[in-house]
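All residue numbers refer to positions in the sequence shown, counting from 1. Remember, it's 1-based here, ligands and their atoms both numbered in the order they're listed.
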Amino acid sequence: MTLLEAVELSRTFGGVHAVEGLSFSLPKGGIHSIIGPNGAGKTTLFNLITGLLRPSRGRILFKGEDVTGLAPERLARLGISRTFQNLQVFFNMTVLENILVGRHLHLHRNPISALLRLPGFRRAEVEARAQAERLLEEVGLGGLGSRPADSLPYGALKRLEIARALAADPELLLLDEPAAGCNERETREIAELLTRLAGRGITIVLVEHDMRLVMGISDHILVLDHGRKLAEGSAEEVRRDPRVVEAYLGRRGQDAVAAP
Ligand SMILES: Nc1ncnc2c1ncn2[C@@H]1O[C@H](COP(=O)(O)OP(=O)(O)O)[C@@H](O)[C@H]1O
Ligand SMILES: [Mg+2]
């Protein structure tokens with residue numbers, strides 16, 4: 001089954017074609033990576049898929065339904081969740097509260113029931129907290145819920161962001177450079193986490209510069225260059241594609257993607 005499809009998708013900023021005539025289709029399940037040099041259009045593509053930007057042209061289909069131009073909250077309810085290239089952690093909140101923010105979307109709060117603190121509302125709160133604790137456990141931050149977010153080291157904050165994205169219970173999870181700034185051990189932990197999440201049926205779209213990570217865990221890779229699709233296929237196919245080596249990876253890159 002096709003989960004996500006882009007049809008002739010384009011987005012311009014003034015004269016810049018950030019994404020241009022891009023079509024691709026991703027099946028449900030697995031880890032799909034999007035790679036390409038800085039400015040290739042990866043973040044813009046994420047912003048289009050998650051409704052933060054509207055395309056200049058083209059369509060986006062999620063589970064066969066045209067979702068082009070829907071607001072981010074609508075898309076989140078449909079099952080599309082993301083993390084950001086730059087940390088979007090609320091530093092004045094606890095770790096647990098940061099996750100509850102992500103859950104908010106799904107509580108479908110009735111303001112009257114919240115005001116009166118009706119049992120249904122309280123039950124939802126209790127469930128949300130229990131779910132948040134489970135998610136913290138899942139990303140390796142178990143027991144840290146009451147800590148202030150600003151007391152966590154960088155690598156843990158990256159995982160907190162993933163936990164928050166998971167709180168909306170996504171079918172499709174988009175991760176914009178989750179290992180950026182992480183050391184080798186933290187990167188390995190992210191790789192394990194993503195593999196586990198894919199294992200429990202969440203389809204992952206990963207933007208990441210760490211080629212060892214990308215090549216190690218991706219089922220499918222899409223290569224962008226100047227907003228266009230340059231190549232796609234398995235890690236092996238992409239690694240051997242002369243256009244990729246030439247246009248993106250270059251000589252230095254060739255070493256970077258050499259088989260481990
Ligand atoms: N909000 C914006 N306003 C103007 N130009 C933008 C904006 N967002 C991205 N761009 C431009 O679009 C191109 C693609 O950027 P981006 O999607 O951030 O690439 P990547 O994430 O692959 O590094 C770049 O030339 C960038 O300068
Ligand atoms: Mg980017």
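For ligand 1, one of its N or O atoms has an N or O atom of G41 under 3.5 Å away.
For atom 25 (O) of ligand 1, the candidate residues are V16, L224, D225; the nearest heavy-atom contact is made by V16. The closest non-hydrogen atom to atom 21 (O) of ligand 1, taken over T43, V19, I34, comes from T43.
Considering every non-hydrogen atom in both R54 and R11, the closest pair reads O-NH1, 2.8 Å. Here the closest non-hydrogen pair linking A179 and E208 is N-OE1, 2.9 Å. Residues L157 and A149 come closest through the heavy atom pair CD2-O, 3.4 Å.
The nearest N, O or S atom of T43 is closer to the Mg ion (ligand 2) than 2.8 Å. When distances to the Mg ion (ligand 2) are checked against a cut-off of 2.8 Å, N38 contributes no N, O or S atom below that limit.
H226 and E20 are not linked by any side-chain donor-acceptor pair at a separation below 3.5 angstrom, with hydrogens and angles left out of the test. Between the side chains of N47 and R82, at least one donor-acceptor pair of N or O atoms lies under 3.5 Å. Of the N and O atoms on the side chains of E5 and S25, not one donor lies less than 3.5 Å from an acceptor on the other residue.
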What verdict does the salt bridge (Lys or Arg N to Asp or Glu O under 4.0 Å) test give for R240 and E237, after you've listed the backbone C-alpha separation in whole Å, the side-chain angles of each residue and the deciding distance to 0.1 Å? CA-CA 5 Å; R240 278 197 262 107; E237 286 162 345; over 6 Å; no

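Protein heavy atoms are found inside the 4.0 Å sphere centred on atom 16 (P) of ligand 1.
Ligand 1 has G39 within reach: a non-hydrogen atom of the residue lies less than 4.0 Å from it.
Of all protein heavy atoms, the one closest to atom 1 (N) of ligand 1 is F13 CE2, 3.6 Å. Nearest protein heavy-atom neighbour of atom 12 (O) of ligand 1: A18 CB, 3.3 Å.
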